[in-house]
Each structure stands twice: as C-alpha cells, then as structure tokens.
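Encoded as structure tokens, the structure appears first; notes follow it.
Starting from 1, each residue takes its place in the sequence as its number. We count ligands from 1, going down the list as the structure has it; atoms in each ligand are counted the same way.
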Amino acid sequence: MTTQKHDNLINGQWVAGASYAPNINPSNLADVIGDYAQADAAQLDAAVQAAQAAFPAWSTGNVQARADALDKIGTEILARREELGTLLAREEGKTKPEGIGEATRAGNIFKFFAGECLRLSGEIVPSVRSGVSVEITREPVGVVGLITPWNFPIAIPAWKIAPALAYGNCVVLKPADLVPGCAWALAEIISRSGIPAGVFNLVMGRGSVIGDPLVNHPGISAISFTGSQGVGGRIAQQCALNLKKVQLEMGGKNPQVILDDADLAQAVELSVQSAFFSTGQRCTASSRLIVTDAIYPRFLQAMQQRMASLKVGDALAAGTDIGPVSSLSQLEQDLDYVAIGQAEGAVLVAGGQRLQGSTEGFYMAPALLSDTSSAMRINREEVFGPVASIIRVKGYEEALAEANNTPFGLSAGIATSSLKYATHFKRHSQAGMVMVNLPTAGVDYHVPFGGRKGSSYGAREQGRYAQEFFTTVKTVYVGN
Ligand code: UN1
C-alpha cells in the first residue's frame with residue numbers, strides 16, 4: 001500500500017523530513033492515514049531562522065492584511081469542517097460529530113482573532129512630569145514556539161496560532177507526533193492564505209528529537225505548551241534558565257459536585273458528557289464525581305443505566321457515542337489506573353475493560369469507580385481516559401472541601417438548584433473555570449481558558465486575554 005507523504009512547511013516551502021512516520025487510525029489499526037515527516041534538529045533550526053527573518057516585516061506590517069489572512073483561514077476551515085472533522089476523528093478517535101465540532105471551533109477562533117488584529121489598543125496617560133505624556137503600547141513578542149497535544153489536533157493549534165499571528169508574532173508549530181494530520185491540513189490552508197513565507201512554519205516530529213532544540217533555541221522568544229505536567233515542568237525550567245516567556249496548560253482532576261437538590265437527569269447527563277465523551281481525553285474532563293448522601297443511590301443507579309446505553313465503537317461510524325482511546329500506551333495507562341483504583345479499595349461499578357470492535361482498535365468500556373477517597377491515587381493523578389470515580393460526601397461543605405482537595409485546578413462543576421450553594425461555589429472553588437449546571441468540559445472559544453495550581457502556568461489563553469502572552473508591553477515617554 002502506498003501512502004501519501006506529508007512534508008514540513010519551512011520558509012514557505014514543503015521540505016522532506018529526515019524520516020517519515022505513519023499516522024494510524026486508532027479505530028482501525030489497518031488504516032494508515034498517511035506518512036508524515038519527522039524533522040531533525042537541523043530542520044527545526046531552519047524553521048526558527050526563517051521565522052526570525054520574517055519577523056521584522058510581519059510584526060510591523062499592515063494589520064488589515066493580517067486580518068484578511070486570518071479571516072480567509074477561518075472561512076476555509078469552516079467550509080471544510082466536515083472533511084477536517086472526519087480527518088480528526090480518523091486520526092485521534094473522537095467521534096465524527098465531535099471532530100466536526102472541533103473543526104468548527106478552530107474556524108471560529110481564526111475569525112475571532114481576525115477581528116482582534118484591528119482591536120489591539122493601548123493607553124495614553126498623563127505623566128507626573130509637566131510637559132511629558134506617557135503611551136503604553138503592546139508589541140509582538142518575537143518568534144514563538146507552539147507545542148500542541150494529541151487530544152485536540154486542530155482546535156489547540158488554532159487557539160495558539162491565531163492569536164500569535166494576530167498580534168504580529170512569527171510561529172514555529174510542533175504538533176503532537178501522534179496526530180500530525182490536522183496540523184498538516186491547517187498548515188496547508190495557512191500556506192495559501194497570503195501570509196508571507198517564514199511567518200508560519202510547521203515542524204513535525206518527536207518531542208524527544210525536536211522538543212528540547214525548539215524550547216532552547218536562542219531565536220525563540222516564548223513557548224506556549226499544552227500537554228502533561230511532567231513535560232510542562234521541564235519546559236518551564238528550561239524557559240526560566242533561558243529567560244523566555246512561557247505559558248503552560250497541563251492536566252486536570254476536575255471535580256463535578258452533585259448536590260441533593262440537583263436535577264438528577266441533568267446531573268447524570270453532564271457527568272457522562274464530561275467524564276466520558278471525547279473518550280475522557282480532555283484536560284477539562286470530570287474525573288471526580290463528588291456526590292452528596294441523599295442523591296447518591298439514585299445517582300449511582302442512573303449513571304450505571306446511562307453508561308450501559310453508551311455505544312463504544314468506530315469513531316467514524318454513525319451512532320458511536322465514544323470512540324477509541326487514541327493510542328495503545330494511553331489505553332494501557334487507562335486500564336492500569338482502573339486496576340490501581342481497585343487495589344486502593346475502590347469498587348468498579350461499570351465498564352473498565354478493553355473491548356473488541358469490528359476492527360482492531362483501542363476500544364475501552366468507560367469505567368466508573370465508587371467508594372473512593374481523595375487520598376487515593378485514582379483521585380490525585382490525571383488518568384486522561386474514560387475513567388471517573390465517585391467520592392461520597394455528607395453535604396455541601398464537605399463537597400466543596402473535596403472539590404478543592406487536589407493538586408490541580410482547571411475546571412470545577414456544581415449541579416444544584418440552590419442559588420446559595422451555586423453562588424458560594426463560584427467564589428470558593430479553587431479552579432480557573434467554574435461551571436454551574438454545565439459539564440466541566442466544552443468551553444467557549446472567545447473567553448479566557450486556564451486554571452490554577454498544577455493545571456496551568458503563565459498567562460491565560462483564548463479571547464482578548466491571549467494578548468497577555470502573545471504581546472509585550474512598551475511604555476513610551478514623550479517630552480514636548
Ligand atoms: C474543552 O473542554 O472544550 O487539552 C477544551 C485540553 C484542553 C482543552 C479543553 N486544553 O483538553
């Protein structure tokens with residue numbers, strides 16, 4: 001079988017990789033999507049140099065041209081959302097409707113930042129000295145390195161690339177090795193958008209080969225990373241040593257509180273959606289369901305019933321609720337954590353096994369563990385799969401304490417009909433995003449995204465707040 005070769009984009013040219021790696025469909029391991037270039041450190045260096053050379057003209061260039069290019073990219077993504085969403089489902093394993101939803105989000109992000117090109121503003125303030133005025137402006141940071149994860153193969157590249165370009169930076173994108181297909185498709189769209197050669201560069205390959213050279217390259221001014229806490233911590237150290245700006249979005253162990261006065265059907269639906277849809281592979285997934293005493297038996301039973309009706313299968317098949325896990329190593333990690341939870345004393349009340357599909361793939365029945373406590377590893381470490389645990393509590397105060405009893409702090413949800421508890425939770429949850437009667441996962445694209453504690457480091461992503469990271473402030477004093 002011959003597969004199409006996909007090259008890196010460096011200085012406006014498609015450049016063959018030092019080697020190629022196959023991109024394999026996790027729903028059907030016999031389906032090879034294509035071969036994708038694997039860059040070496042020399043190619044990475046060429047990409048950074050191209051971006052450096054493009055920076056002076058791009059960063060001071062016409063903002064209408066910038067806005068037009070981003071708008072064109074967004075328009076094409078939206079027009080091709082079905083095709084791109086299908087590619088996404090095929091390479092990552094989320095369902096086709098989820099893939100199309102993500103492609104739509106990516107298109108909308110480019111449209112939003114097309115508008116932001118024209119809205120960047122500063123301040124003019126009086127000086128404390130007579131005859132002097134002060135201007136505060138924002139300027140691009142330089143060449144930014146963007147390192148994106150495998151679980152959102154088009155939305156996360158979009159939400160880093162679009163603000164980077166809108167605010168006048170040049171980009172070197174290193175997408176996750178596991179899912180280069182959507183990043184390549186996005187790069188191909190960008191390459192025809194009118195953006196000058198070298199402003200945007202795609203360098204595919206393994207983190208172990210080009211990750212360190214990217215982070216440590218003297219031509220890179222800032223790194224924006226989404227991925228694991230372990231890798232994020234190392235990147236932060238390297239950036240600190242090199243005095244680079246850094247933004248990290250890492251894991252979550254997000255609580256979903258369910259109070260006695262919650263609407264049961266709604267609580268079950270939002271728990272299933274956050275814990276298991278997208279195969280639980282979201283940093284915003286609800287992995288800890290914190291349930292108060294009186295509703296607990298009804299909630300548990302309704303969850304088991306709802307989970308029994310979930311259809312796990314081929315991501316591209318109509319009617320699939322939950323696609324496969326994205327890789328074998330992730331599937332092994334998910335199954336390991338189910339066993340770790342049970343060894344710690346948790347009771348497996350639904351799913352938790354590998355499933356056979358009609359094709360060979362990484363299928364797993366979503367797992368629910370009951371009788372867990374916050375001290376257990378299953379409640380302290382991010383699993384990143386379709387695995388959730390229940391923590392039973394007496395009432396709201398204990399629920400809030402358990403929700404905050406975690407090294408992470410990305411998203412937190414509460415299901416309640418009480419204005420009093422909802423209001424208290426909004427203020428006292430130690431998370432960057434709080435959801436009232438909504439799933440912890442699935443966020444808007446035009447408002448800040450990010451967390452506290454071990455979940456995030458540096459400035460927020462998304463919306464207008466993205467300018468904190470992708471610009472640097474200049475204070476100008478003008479004498480008369
Ligand atoms: C969402 O829940 O809509 O990697 C987005 C992640 C997050 C994105 C979640 N950065 O899962």
Side-chain angles (χ1 to χ4, degrees), residues 85 88 92-95 97-109 112 146-163 173-176 178-179 182-183 207 223-232 235 247-256 270-287 322-323 325-327 330 334 382-388 408-413 431-435 438-463 465-466 469:
L88 199 167
E92 196 269 347
K94 65 181 68 172
T95 65
E98 289 171 336
I100 294 169
E102 188 184 326
T104 304
R105 188 198 292 208
N108 286 333
I109 289 168
F112 175 85
L146 309 180
I147 304 175
T148 56
W150 52 257
N151 65 330
F152 281 86
I154 195 160
I156 294 182
W159 87 40
K160 294 184 193 293
I161 295 166
L173 170 69
K174 192 210 101 52
L178 189 66
V179 291
C182 286
I223 293 283
S224 178
F225 165 86
T226 300
S228 71
Q229 219 183 20
V231 175
I235 289 176
Q247 172 183 60
L248 309 173
E249 287 300 339
M250 301 167 288
K253 198 73 209 174
N254 308 294
Q256 173 63 60
L270 59 84
S271 298
V272 164
Q273 142 76 249
S274 281
F276 305 127
F277 284 10
S278 298
T279 323
Q281 297 172 152
R282 292 185 281 195
C283 56
T284 44
S286 300
S287 47
I322 296 174
V325 175
S326 294
S327 68
Q330 185 62 52
D334 299 345
E382 184 176 52
V383 177
F384 217 64
V387 180
F408 293 100
L410 187 56
S411 181
M433 297 177 291
V434 175
M435 314 296 189
L438 286 171
T440 56
V443 299
D444 286 8
Y445 62 83
H446 65 306
V447 290
F449 178 93
R452 299 182 184 179
K453 299 199 260 185
S455 287
S456 306
Y457 187 83
R460 287 284 186 268
E461 301 196 87
Q462 300 241 67
Y465 284 67
F469 181 73

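With no hydrogens or angles considered, no side-chain donor-acceptor pair links Ser411 and Thr284 at under 3.5 Å. For the 3.5 Å distance criterion, the side chains of Glu249 and Thr226 fail to qualify, holding no donor opposite an acceptor. With 3.5 Å as the limit, one finds no donor-acceptor pair spanning the side chains of Gln256 and Ser274.
The line from SG of Cys283 to NZ of Lys253 is 13.0 Å long, rounded to the nearest 0.5 Å.
Taking the centre and axis of the six-membered ring of Phe152, the NZ or CZ atom of Lys94 falls inside the cone set by 45° and 6.0 Å.
In this pair, Tyr445 and Phe112 present their aromatic rings perpendicular. The plane angle is above 60°, beyond the 30 to 60° band.
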Could you list each nitrogen or oxygen of ligand 1 that sits under 3.5 Å from a protein nitrogen or oxygen, with the atom names and the distance?
| residue | atom | partner | partner atom | Å |
| --- | --- | --- | --- | --- |
| ligand 1 | 2 (O) | Thr284 | OG1 | 2.5 |
| ligand 1 | 2 (O) | Gly442 | N | 2.8 |
| ligand 1 | 3 (O) | Arg105 | NH1 | 3.3 |
| ligand 1 | 3 (O) | Arg105 | NH2 | 2.6 |
| ligand 1 | 3 (O) | Gly442 | N | 3.2 |
| ligand 1 | 3 (O) | Val443 | N | 3.0 |
| ligand 1 | 4 (O) | Asn151 | ND2 | 3.1 |
| ligand 1 | 11 (O) | Asn151 | ND2 | 3.0 |
| ligand 1 | 11 (O) | Cys283 | N | 2.6 |

